[in-house]
Amino acid sequence: MTFSVAYDFIQGSSPLLVSMPHSGLQLTPTVADTLTSEALALPDTDWHIPQLYDFLEAMGVGVIKANYSRYVIDLNRPEDNKPLYAGKTIGLFPHILFNEKSMFKPGTVIDTDHQQACIEYIWRPYHQQLATALARIKQKFGYAILFDAHSIRAQVPMFFEGTLPDFNLGTNNGKACAAKLLQAAQHAISDINYTQISNGRFKGGYITRSYGQPSHHVHAFQLELSQATYMQDTQDYALDDKKCAQVKPQLKALIEALVSCNLTPQ
């Protein structure tokens with residue numbers, strides 16, 4: 001089985017690294033052959049995240065972006081596939097869509113050899129690059145900050161009731177980063193047209209929980225951005241240019257606040 005490059009990486013010059021584990025669109029032939037027509041549209045993708053943050057390289061911020069879809073393997077879950085949350089969730093190898101329908105055609109199964117190959121050629125390379133980049137940043141600055149960039153539909157009954165706030169910050173209930181970093185992020189979201197919450201329904205997935213080790217001077221948090229802030233309310237997952245023009249400055253202010261937050265060990 002041949003795999004293409006698992007991720008794209010841009011090395012930055014700042015203390016911040018941005019991870020985009022759920023924006024990939026590639027499928028392996030094995031997975032593509034088993035998906036329903038609905039799943040082939042990749043509805044649960046973190047749509048357009050690279051475009052939303054296209055200002056990062058110019059700011060000197062490092063970026064690692066997944067190329068494969070989360071339907072192949074979920075990079076924000078542990079390699080051993082231990083559950084992260086109580087209640088309904090999606091594992092390392094998802095089998096249902098967020099609307100709780102099966103991803104797979106009746107009678108089809110993804111074999112364990114394919115899954116193991118996905119771990120070896122997609123999951124491990126992504127996480128090895130994450131760890132290497134954070135170690136380099138920490139060596140240079142004395143600390144490193146990891147921002148795990150996600151998005152999600154405003155309403156997903158499988159996971160939560162009602163409508164999500166616009167900006168959903170997660171720090172594993174304060175365990176994944178210094179309090180001053182979360183405070184800087186909260187203060188940066190200053191536009192009164194946007195709502196925010198910290199450690200609500202989304203507290204951070206595996207990447208935030210695993211890499212966020214403030215005692216070792218690596219700080220991490222996750223942003224789940226409501227797709228209602230930048231996408232059209234249609235079935236083709238299209239960007240809304242007007243919404244994008246409004247939310248991008250807010251995202252840029254958030255990134256600037258993180259880069260400017262001095263966490264040098266005392």
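By convention here, the first residue in the shown sequence is residue 1. What you see is a predicted model, and the numbers here were worked out from it, not measured in a lab.
- Judged by distance alone, the side chain of Thr34 and the main-chain N or O of Val31 form a donor-acceptor pair under 3.5 Å.
- Between the side chains of Asp74 and Asn76, no donor-acceptor pair of N or O atoms lies under 3.5 Å.
- Inspection of the Ser198 and Gln186 side chains reveals an N or O donor paired with an N or O acceptor under 3.5 Å.
- Of all heavy-atom pairs spanning Phe93 and Cys118, the tightest one is CE2-CB, 4.2 Å.
- With 3.5 Å as the limit, one finds a donor-acceptor pair spanning the side chains of Thr171 and Asn199.
- Nearest heavy atoms, Tyr126 versus Pro21: OH-N, 3.4 Å.
- Between Leu169 and Gln196, the shortest heavy-atom contact is CD1-OE1, 4.2 Å.
- Closest non-hydrogen pair, Leu181 versus Leu263, comes out as CD1-CD1, 4.1 Å.
- In this structure, OH in Tyr143 is found 7.0 Å from SG in Cys261, a value given to the nearest 0.5 Å.
- Under the 3.5 Å distance criterion, with hydrogens and angles disregarded, no donor-acceptor pair is assigned to the side chains of Tyr71 and Thr45.
- Defined by atom type and a distance below 3.5 Å, a donor-acceptor pair is missing between the side-chain atoms of Tyr68 and Thr28.
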- Item | Evaluation steps, salt bridge (Lys or Arg N to Asp or Glu O under 4.0 Å), between Asp46 and Arg70 | CA-CA 9 Å; Asp46 289 6; Arg70 66 189 304 171; 3.8 Å; yes
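- At least one donor-acceptor pair closer than 3.5 Å links the side chain of Arg209 to the backbone N or O of Gly204.
- Scanning all heavy atoms of the two residues, the minimum distance from Pro265 to Gly142 falls at CG-O, 3.3 Å.
- Annotation: side chain of Asn168 is not in contact with side chain of Leu225 (no heavy-atom distance under 4.5 Å).
- Side-chain contact, Thr208 with Asn172: no donor N or O sits under 3.5 Å from an acceptor N or O.
- Residue pairs meeting the side chain to side chain donor-acceptor pair (under 3.5 Å) criterion with at least one partner in residues 239-261, sequence neighbours excluded, are Asp54-Lys248.
- Note: Trp123 and Tyr206 have tilted aromatic rings, judged against thresholds of 30 and 60 degrees for the angle between ring planes.
- Evaluated for a side chain to side chain donor-acceptor pair (under 3.5 Å) with Ser151, the options His48, Gln227, His22 yield exactly one hit, Gln227.
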